[in-house]
Number of protein chains: 2
Amino acid sequence: MVSNKELQESRIRGYFIEATKETLKGEGLRAVNVRAVSERAGYSFATLYNYFKDLNELVFICVQDFMNECEGFTVGQSVNARPGKERLKARMKAYIGYFTQYPGIFELFYIERMNDLGARQPTARMIYEFTDRIIHDDLTHLIDNGDMNREQAELTGLNLKNSIAGLLLLFNNRLQPAEYLDFLAVADKQIDISLSLIK
Amino acid sequence: MVSNKELQESRIRGYFIEATKETLKGEGLRAVNVRAVSERAGYSFATLYNYFKDLNELVFICVQDFMNECEGFTVGQSVNARPGKERLKARMKAYIGYFTQYPGIFELFYIERMNDLGARQPTARMIYEFTDRIIHDDLTHLIDNGDMNREQAELTGLNLKNSIAGLLLLFNNRLQPAEYLDFLAVADKQIDISLSLIK
DNA sequence: ATAAATGGTGAACAATGTTAATATTTTTTA
DNA sequence: TAAAAAATATTAACATTGTTCACCATTTAT
């Protein structure tokens with residue numbers, strides 16, 4: 001059971017977390033600063049430090065929430081696709097769509113420096129394994145269906161993880177390709193290459 | 001012809017650029033700040049602004065130099081490899097080696113925000129096309145040799161570019177895989193997948 | 001020799017993260 | 001219920017970093 005005190009404390013933490021998430025989605029990571037977030041949460045900037053070790057901790061607490069949201073989105077965008085190659089492709093496209101719609105969240109997942117390395121190691125691993133989780137169902141389905149073997153599935157997953165991270169990095173951070181439509185075409189091609197081990 | 005004035009000016013710019021490059025290679029991008037670089041160059045921090053628009057401009061001027069260095073390194077590391085698949089693989093490994101040896105340069109190429117977007121567009125394109133340039137010779141060789149067609153070469157290049165960027169991003173920024181030896185093994189696998197369209 | 005231009009510098013300001021002392025509110029207790 | 005104690009929130013202050021500007025020194029031109 002939770003005491004009143006714990007409940008109240010977790011509510012206030014929630015206000016800060018919500019303010020951070022809104023800022024991240026709206027204005028991006030660079031707009032997230034102690035004063036802006038605290039004002040949005042309805043507190044003075046110093047109050048933040050009564051509930052979080054530092055700004056970095058607060059920011060990385062958002063990762064879990066965004067993961068769930070992103071996973072829900074990709075699954076939702078692929079309900080009508082046939083399990084296997086078709087659904088995997090749909091999910092990858094949704095995944096890419098999510099991170100281009102919210103470049104601030106991409107920054108948070110892949111770019112932002114994790115200052116306190118030891119403490120953030122679990123987060124780093126979580127992020128690393130996040131793509132795997134989204135891919136997992138369909139790769140299993142493809143293996144069970146005899147469309148590829150375990151080895152090929154592993155390689156496909158590795159290639160998807162790396163190439164999509166790179167694709168998003170180059171588009172979000174380097175604006176290459178410069179036009180969104182060109183980017184979508186390249187993304188489409190890239191997914192097809194990654195899935196070419198499937199029978 | 002260059003006037004005395006131009007020569008002197010370009011020398012001083014060179015001192016700042018050299019100081020920035022040393023800092024980038026040694027302590028990384030986060031150690032690059034106006035006061036540290038200026039002191040290393042032997043001038044006051046304010047002097048920097050007599051020669052460069054801002055710190056960002058100075059930092060991005062280094063890109064060209066590092067590109068040349070990186071290209072020289074990858075070519076040097078692959079002189080004994082047979083042109084085609086073998087040399088391409090050697091070059092990709094050298095490329096990866098360069099950016100893991102100097103994570104600060106990786107940050108500069110792929111991560112660091114380009115503040116003034118319009119002005120930095122050429123740099124962004126240059127970086128985007130840099131990998132292509134390193135890959136180009138061997139892909140051409142493979143096409144001429146009948147080991148793959150033009151379409152397959154394009155896809156291979158795209159996949160290499162994206163997946164290696166992603167691989168480096170995840171290792172340098174998220175420490176995944178956590179051990180360098182594991183990372184090398186993953187990198188090796190990843191290159192093989194990308195090159196699997198070659199006969 | 002003096003005036004003008006050039007180049008270099010420190011002072012100063014703004015933004016941001018963070019800490020510590022202070023003020024305020026809530027809770028406890030006599 | 002009123003005073004004391006505990007908790008919570010806020011303001012003041014400092015450090016770091018990027019940047020601008022007025023000023024000083026030095027060189028160059030007249």
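For the numbers below, each heavy atom of this structure counts, side chains included, while hydrogens, waters and symmetry mates do not. In what follows, every chain begins at residue 1, and chains take the letters A, B, ... in the order their sequences are listed.
Taking atom CZ of B/Phe52 as the reference point, atom P of C/dG8 lies 12 Å away to the nearest angstrom. One can place CD of B/Glu39 at 17 Å from C1' of D/dG18, the figure rounded to the nearest angstrom. Between the CG atom of B/Asn115 and the C1' atom of D/dT19 there is a distance of 13 Å, rounded to whole Å. Whole-Å rounding puts the A/Asn50 CG to D/dA9 P distance at 6 Å. Rounded to a whole Å, the CZ atom of A/Arg13 is 17 Å from the C1' atom of D/dA9. Atom CG of B/Leu55 and atom P of C/dA14 are 21 Å apart (whole Å). Remark: P of D/dT20 and CZ of B/Arg35 are 13 Å apart, rounded to the nearest angstrom. Between the CD atom of B/Glu57 and the P atom of D/dG18 there is a distance of 15 Å, given to the nearest Å.
To the nearest 0.5 Å, atoms CD1 (B/Ile164) and CG (B/Leu169) are separated by 13.5 Å.
Backbone-only contact: A/Ile12 has heavy atoms under 4.0 Å from sugar-phosphate atoms and none from a base. Contact annotation for B/Asn33: backbone-only contact, meaning every heavy-atom pair under 4.0 Å involves sugar-phosphate atoms and none involves a base. Here B/Val32 lies in heavy-atom contact (under 4.0 Å) with sugar-phosphate atoms only.
B/Leu142 and B/Leu155 fall within a single hydrophobic cluster, where Ile, Leu, Val, Met, Phe, Trp and Tyr are joined by side-chain heavy atoms under 4.5 Å apart, directly or via other members.
The 5' end of DNA chain C is approached more closely, in terms of each residue's nearest nucleotide, by B/Ser44 than by the other of B/Ser44 and A/Tyr49. When each of A/Phe45 and B/Asp54 is assigned the nucleotide of DNA chain D with its nearest heavy atom, A/Phe45 is the one assigned upstream, toward the 5' end.
The base of D/dT17 does not come close enough to the side chain of B/Arg30 for any donor and acceptor atom to sit less than 3.5 Å apart.
Note on A/Tyr51: a side-chain N or O is less than 4.0 Å away from OP1 or OP2 of D/dA9. Remark: A/Tyr43 is not in phosphate contact with D/dT8, judged by side-chain N or O atoms under 4.0 Å from OP1 or OP2. Distances shorter than 4.0 Å separate some side-chain N or O of B/Thr47 from OP1 or OP2 on C/dT9.
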- [ ] Show your working on side chain to side chain contact (heavy atoms under 4.5 Å, CB included) between A/Asn172 and A/Tyr110 and close with a plain yes or no.
- [x] CA-CA 11 Å; A/Asn172 279 342; A/Tyr110 291 95; over 6 Å; no
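The cationic atom of A/Arg174 (NZ for Lys, CZ for Arg) does not lie both less than 6.0 Å from the six-membered ring centre of B/Tyr128 and within 45° of the ring axis.
Listed nucleotides: C/dT18, C/dA12, D/dT11. Nearest to the side chain of A/Ala46: D/dT11.
Salt bridge B/Asp137/B/Arg91: present, at least one basic N to carboxylate O contact under 4.0 Å.
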